[in-house]
Amino acid sequence: MTDRGAKCLVSKRVAAPVTIALAVMALLGPGSPDVRAQTTADTRALARIENPPLGLPVVPIPEDNPATTAKIRLGRKLFFDRRLSHNGTMSCGMCHIPEQGFSNNELATPVGTEGRSLRRNAPALYNVAYFRHLFHDGRETRLETQVIAPLLDAREMANPSIGYLLDKIEGMADYREPFQQAFGAGPSIERIGRAIATWERSLVSADSPFDRWHYGNDPRALSPRAIAGFELFSGRAGCTACHLVGEQYATFNDNAFHNTGIGWRGPRAATQTVEVAPGVEIQVSREAIQSVGEPRAPDRGRYEVTLNPRHLRQFKTPGLRNIALTAPYMHDGSLQSLQQVVRYYNRGGSADPNLDAAIKPLGLSDSEVADIVAFLVSLTGSNIAELTADARSVATGNPGGDE
């Protein structure tokens, strides 16, 4: 599933490897609690890749990177290791927090190395295996290569070079055996990318109330309000034009780019509303706000990748599964709740001259807005606790880990 047309192995919907692994665990004995938790997490992760839950298609896997428990274990360890940043303070998992939907609920845009602000919201990693484009502007098309940019970005993990990072990892005794088990060789940037990509492919999540109702034919799985919301979502509101729902599965993603009007900087009011405490808002002059921070640079979105003027301020369509867990929303984290998101589209977006033609006022009532929100909440998968526990199974005893 890449734009390069690479062939993919079709995952078999069987759990035989997992069954064998569990039998081996039984033969080897219980071991330490940390080892048991790690091994259980590895086998469950591989099971999710090989047999994704109701509502999702088979996981696409590149021929040159088949999934194994050893790669999953190594990828998870790398993902949560702060030592991989230049000054040993940041890991991938500090922006993509398992307990916060593998995103960051606390910040519109994350804070990276030495307190440097990133300009875009941390995207959730649920079901990232199905995305054809990565990053909000879609500048990467393979999970195996996506990791390189954050490792080198001066605002994120800030390594001065790939060689510098590899020298550091080669000096860490606790990585020697994991790389040998996963690849039969030592660290390289290709192996780092393949390991992290394999672990990220295991973050599949579905079997939501919506899936059990729509694909499992359980009439009691979904509330009447959520059913009404889906009818609006797929009907008058026109949401399925971008967030696709198929006959057998739904990724809620068209793998395309759209200008939603978010981030457009038209004429500005002299003051801006600032929330100084929960529910307490005041008006602050724009001049005062600009005096205490560096003005945010314009974000041109997909245009920065293609240099095509038609792509100005376009961003990739996000998936909607587990969307209730991943606030704040939009590429800049500017909308705090699902209610705000639906209301934004209900009023027809912004006055951006490049606004996508499909975005128009919807004329939804407050009750209908609430119905759509109820439907979106119903997209929360059944395995959230499992994904969080499996992610955190690496932290105990990991020098430099996030725990």
- Message: How about CD on E177, more than 12 heavy atoms from neighbouring residues, nucleotides or ligands closer than 6.0 Å, or not?
- Response: no

- Is a side-chain N or O of E156 found less than 3.5 angstrom from the main chain of G112, in a donor-acceptor match? no

- Distance-only donor-acceptor check, side chains T317 and D254, under 3.5 Å: yes

- Work out which heavy atom in N127 is nearest to a heavy atom in L56; give both atom names and the distance. OD1-CD1, 3.3 Å

- Within the side chain of S103, is there an N or O that forms a donor-acceptor pair under 3.5 Å with the backbone of Q100? yes

- Message: I'd like to know whether CG of N308 has more than 12 heavy-atom contacts from other residues, nucleotides or ligands below 6.0 angstrom.
- Response: yes

- How close do D207 and S382 get, heavy atom to heavy atom, and via which atoms? OD2-OG, 2.8 Å

- Query: Do R155 and S117 touch side chain to side chain, with heavy atoms closer than 4.5 Å?
  - Reply: no

- Side chains of S367 and R225, donor plus acceptor under 3.5 Å: yes

- Message: Between N346 and G363 (side chain of the first, backbone of the second, donor and acceptor by atom type, cut-off under 3.5 Å), is there such a pair?
- Response: yes

- Task: In sequence, state the C-alpha distance, the side-chain angles, and the governing distance for M157 and L84, and then conclude on side-chain contact (heavy atoms from CB on, under 4.5 Å).
- Result: CA-CA 7 Å; M157 300 179 77; L84 270 59; 3.8 Å; yes

- For D81 and S91, does a side-chain donor sit closer than 3.5 Å to a side-chain acceptor? no

- Item | Interatomic spacing from SG in C239 to CZ in F230 - rounded to 0.5 Å | 10.5 Å

- Side-chain donor or acceptor of Y130 paired with backbone N/O of P57 under 3.5 Å: yes

- Item | Electrostatic pair R76-D390, nearest N-O below 4.0 angstrom | no

- Task: Assert yes or no for the condition that the ring centre distance of Y126 to F102 is strictly below 6.0 Å.
- Result: yes

- Item | Rounded distance (nearest 0.5 Å) linking atom CG of L107 with atom CD1 of I97 | 8.0 Å

- List the steps, then state whether side-chain hydrogen bond (donor to acceptor under 3.5 Å, both in side chains) holds for T69 with D42. CA-CA 5 Å; T69 55; D42 298 339; 5.7 Å; no

- Got a sec, which residues hit ring-ring contact (aromatic ring centres under 6.0 Å, His included) with F233, two or more places apart in sequence or on another chain? F375

- Query: Would a 4.5 Å heavy-atom cut-off, applied to side chains only, mark R82 and M94 as touching?
  - Reply: yes

- Item | Heavy-atom side-chain proximity of P62 to R201 below 4.5 angstrom | yes

- Message: Looking at Q314 and R310, would you say the former's side chain and the latter's main chain have a donor-acceptor pair under 3.5 Å?
- Response: yes

- Query: Does the K77 side chain pair with the main chain of Y175, one donor and one acceptor, at a distance under 3.5 Å?
  - Reply: no

- Could you tell me the separation between the OH atom of Y345 and the CG atom of L362, rounded to the nearest 0.5 Å? 10.5 Å

- Could you tell me whether a side-chain N or O of T109 sits under 3.5 Å from a main-chain N or O of L118, the two making a donor and an acceptor? yes

- Message: Distance check, rounded to the nearest 0.5 Å: S378 atom OG versus W213 atom CH2?
- Response: 8.5 Å

- Query: Which pair of non-hydrogen atoms, one from V377 and one from T380, has the smallest distance, and what is that distance?
  - Reply: O-OG1, 3.1 Å

- The single option from R302, R119, R120 that satisfies salt bridge (Lys or Arg N to Asp or Glu O under 4.0 Å) with D137 is R120

- Message: Just by distance, no angles: are the side chains of T251 and N253 close enough, under 3.5 Å, to form a donor-acceptor pair?
- Response: no

- Heavy atoms, side chains only, cut-off 4.5 Å: are I372 and L364 in contact? yes

- Query: Does K316 make a cation-pi contact with F131 (under 6.0 Å, within 45 degrees of the axis)?
  - Reply: yes

- Just by distance, do the side chain of H243 and the backbone of F252 share a donor-acceptor pair under 3.5 Å? yes

- So do L165 and L151 actually touch side chain to side chain, heavy atoms under 4.5 Å? yes

- Could you tell me which non-hydrogen atom of Q146 sits nearest to which non-hydrogen atom of L134, and how far apart they are? CB-CD1, 3.8 Å

- Sorted by chain and number, sequence neighbours left out, ring-ring contact (aromatic ring centres under 6.0 Å, His included) with H96 holds for none

- Query: Does some side-chain heavy atom of L335 sit less than 4.5 Å from a side-chain heavy atom of P328?
  - Reply: no

- More than 12 heavy atoms of other groups within 6.0 Å of E247 CD: no

- Message: Side chains of F315 and M330, heavy atoms from C-beta outward: is any pair under 4.5 Å?
- Response: no

- Query: Which atom names give the shortest non-hydrogen contact between T273 and Q283, and what distance separates them?
  - Reply: OG1-NE2, 2.6 Å

- Report yes or no: do S208 and D211 form a side-chain donor-acceptor pair below 3.5 Å? yes

- Message: Taking the ring centre of each residue, are Y215 and Y249 less than 6.0 Å apart?
- Response: no

- Message: I need the E200 CD to E144 CD distance, nearest 0.5 Å.
- Response: 9.5 Å

- Does the N65 side chain pair with the main chain of R194, one donor and one acceptor, at a distance under 3.5 Å? yes

- Message: Assess the residue pair S334 and I262 against the criterion (side-chain contact (heavy atoms from CB on, under 4.5 Å)); give the C-alpha distance rounded to whole Å, side-chain angles, the decisive distance to 0.1 Å, and a yes or no.
- Response: CA-CA 8 Å; S334 59; I262 293 290; 3.8 Å; yes

- Pair R48 + E386, salt bridge at N-O below 4.0 Å: yes

- Looking only at side chains, do D352 and S350 share a donor and an acceptor under 3.5 Å apart? no

- Would you say the side chains of T388 and E99 form a donor-acceptor pair under 3.5 Å? no

- Is it possible for you to check whether R139 lies under 6.0 Å from the centre of the six-membered ring of F135, through NZ or CZ, and within 45° of that ring's axis? yes

- Give a yes-or-no answer on whether the side chains of T260 and D356 include a donor-acceptor pair shorter than 3.5 Å. no

- Item | Shortest non-hydrogen contact between P52 and V58, atoms and distance | CG-CA, 4.1 Å

- Query: In terms of side-chain geometry, is the basic nitrogen of R83 or D174 positioned less than 4.0 Å from the acidic oxygen of its partner?
  - Reply: yes

- Query: So does R236 pair up with E368, basic N to acidic O under 4.0 Å?
  - Reply: yes

- Task: Could you walk me through whether F179 and I192 pass the side-chain contact (heavy atoms from CB on, under 4.5 Å) test, one step at a time?
- Result: CA-CA 9 Å; F179 270 98; I192 290 171; 3.9 Å; yes

- Query: Is the shortest heavy-atom distance from the side chain of V369 to the side chain of R343 under 4.5 Å?
  - Reply: yes

- Query: Quick check: does any side chain N or O of N322 sit under 3.5 Å from a backbone N or O of G381, one acting as donor and the other as acceptor?
  - Reply: yes

- Message: How long is the straight-line distance from CZ of R73 back to OG of S393, given to the nearest 0.5 Å?
- Response: 9.5 Å

- Task: Go through the steps for D371 and V373 under the test side-chain contact (heavy atoms from CB on, under 4.5 Å), then give the verdict.
- Result: CA-CA 5 Å; D371 290 344; V373 170; over 6 Å; no

